[in-house]
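Inspection log for the structure reproduced underneath, given as structure tokens.
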Amino acid sequence: MNETTGRLWLHAHSDPTDGLMVIGSRSSLRALGKQLIEATDVTRLAVPDGNEPVKVAHPPVAGPYSDVSDFNLTFHLEGAAPAPEVLPPSRRSPRPVLVVAVLACALVGVVTIIRWIAASVAG
């Protein structure tokens, strides 16, 4: 994709479902579609031999996060192994056990402060 077609705008959303929205001009979406169609042409690109997916398109994008300036969007052709085996899904939020532990510590801290204030006032 060249600079004349423009960059794609990425928007992460979570209402009512989590997702990634790809927004672009007709020409930028057409250029992306052309790259993806060319990637499926077996005469132009062979299926990868290894487990790692092969990158077939890397359009210029404006990322969805203001604090990540070098956000990339890439499209890959699946390798010999299924994608979830090669690149298993990961969490973006803290594990529930960590959240419970932090809340428990906060509760203990609040109770301690209340007791300290009560002892100071009474004493």
Which pairs would a plain distance check flag for residues 112-122, meaning a side-chain donor or acceptor within less than 3.5 Å of a matching protein atom at least two apart in sequence or in another chain?
from	atom 1	to	atom 2	distance (Å)
Thr112	OG1	Val108	O	2.8
Ser120	OG	Trp116	O	2.9

Could you pull out every donor-acceptor pair under 3.5 Å between side chains of residues 59-67 and any protein atom, sequence neighbours left out?
none

For this session: Please assess Leu8 against Ile23 for the test side-chain contact (heavy atoms from CB on, under 4.5 Å), listing each intermediate value before the final yes or no.
Result: CA-CA 6 Å; Leu8 297 171; Ile23 306 164; over 6 Å; no
Problem set entry | Shared hydrophobic cluster for Trp9 and Leu73 (ILVMFWY, side-chain gaps under 4.5 Å) | no
Problem set entry | Over all atoms of both residues, closest heavy-atom pair of Leu29 and Gly24 | CD1-O, 3.7 Å
For this session: Treating Ile, Leu, Val, Met, Phe, Trp and Tyr as nodes and any side-chain heavy-atom pair under 4.5 angstrom as an edge, say whether Leu20 and Leu36 lie in one connected cluster.
Result: yes
Exercise. Can you name the nearest heavy-atom pair linking His58 to Gln35, along with the distance?
Worked result: N-OE1, 3.9 Å
